[in-house]
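Sequential numbering from 1 along the given sequence is applied to the chain's residues.
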Amino acid sequence: VERSQLIAKIQSGEGVSTALSQLEQEKRSLQEKLEVVFLSQQERAKEYDQKMDTLNVKNAQLLDNMEVTRSECHNLKTQLHKRETTITSLQEKVDTMATEIRNKENLLVQREKDAQLLQGELKKQLSAALMEVEKVKSQSKELEDTITKLLCWGQ
């Protein structure tokens, strides 16, 4: 029976006890429904709290992992910077050594040229000295022959 019918019966004075009984029954039914909804909401709230706890734990783990990753990233950046510095330093040394090698090669080439010129000059001087020696030998021979002739003539 609908509420409006019950209200109409009560107002007309008919079946007050029936109407009250039905209202009581409706009240209990609504209280039971309210209790079911309340229990359901409590269960949902409990599940929500459990899910939130799980999410909070996962979030804390993720934050810890993120901090570890940040630290590792920082360490890797530091190592990279050190290696870049080392590579730059080594590259500068390589460039310096390459320049020194080129300078030494140029100096060596120049010294080889100087040595060749000096060797040529020494060959000329040696040749001239040998010619002088031959000339002196020839003059010595002539002088010896002259001395021998003079000694033989004087005898």
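- Atom CD of Gln116 sits about 14.0 Å away from atom CD of Glu121, to the nearest 0.5 Å.
- Within the 3.5 Å criterion, the main-chain N or O of Glu67 finds no donor-acceptor partner in the side chain of Ser71.
- Here the side chain of Thr78 pairs a donor or acceptor atom with the backbone of His74 at under 3.5 angstrom.
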| request: Start with the C-alpha gap between Ser138 and Glu142, add the side-chain angles, then the distance that decides, and say whether side chain to side chain contact (heavy atoms under 4.5 Å, CB included) holds. | output: CA-CA 6 Å; Ser138 174; Glu142 287 175 14; 3.8 Å; yes
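- Side-chain atoms of Asn56 come within 3.5 Å of backbone atoms of Met52 as a donor-acceptor pair (strictly under, hydrogens ignored).
- Atom CE of Met66 has more than 12 neighbouring heavy atoms from other residues, nucleotides or ligands inside a 6.0 Å radius.
- With rounding to the nearest 0.5 angstrom, the CD atom of Glu132 is 11.0 Å from the OG atom of Ser127.
- Put simply, the side chain of Ser89 never gets that close to the backbone of Thr85: no donor and acceptor are under 3.5 Å apart.
- The CD atom of Glu26 sits 8.5 Å away from the NZ atom of Lys33 when rounded to the nearest 0.5 Å.
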Between Asp114 and Leu118, does the side chain to side chain contact (heavy atoms under 4.5 Å, CB included) criterion hold? Intermediate values first, please. CA-CA 6 Å; Asp114 292 346; Leu118 184 58; over 6 Å; no
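- Side chain to side chain, Asn75 and Gln79 fail the donor-acceptor criterion of an N or O pair below 3.5 Å.
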With side chain to side chain contact (heavy atoms under 4.5 Å, CB included) as the criterion, how do Glu72 and Val68 come out once you've worked through the C-alpha distance, each side chain's angles and the decisive distance to 0.1 Å? CA-CA 6 Å; Glu72 289 173 353; Val68 167; 3.6 Å; yes
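- Distance CG/Asp53 to CG/Asn59: 12.5 Å, rounded to 0.5 Å.
- Rounded to the nearest 0.5 Å, atoms NZ (Lys135) and CG (Leu130) are 14.5 Å apart.
- Under the 3.5 Å distance criterion, the side-chain polar atoms of Thr96 are matched with a main-chain donor or acceptor of Glu92.
- Atom CD of residue Glu24 and atom NZ of residue Lys27 lie 5.5 Å apart, to the nearest 0.5 angstrom.
- In this structure, Ser40 contributes its side chain and Val36 its backbone to no donor-acceptor pair below 3.5 Å.
- Looking only at side-chain heavy atoms (C-beta outward), Leu107 and Asn103 stay at 4.5 Å or farther from each other.
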- Message: Working note: Gln91 + Val94, criterion side chain to side chain contact (heavy atoms under 4.5 Å, CB included); need CA distance, chi angles, decisive distance, verdict.
- Response: CA-CA 5 Å; Gln91 185 61 49; Val94 166; 4.3 Å; yes
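- Counting heavy atoms from C-beta on, the side chains of Gln25 and Arg28 come closer than 4.5 Å.
- At least one side-chain heavy atom of Gln42 sits less than 4.5 Å from a side-chain heavy atom of Leu39.
- No donor-acceptor contact under 3.5 angstrom links the side chains of Gln110 and Asn106, judged on distance only.
- The environment of Gln125 atom CD is dense: over 12 non-hydrogen atoms of other residues, nucleotides or ligands sit within 6.0 angstrom.
- In the model, Thr99 has a side-chain atom that pairs as donor or acceptor with a side-chain atom of Arg102 under 3.5 Å.
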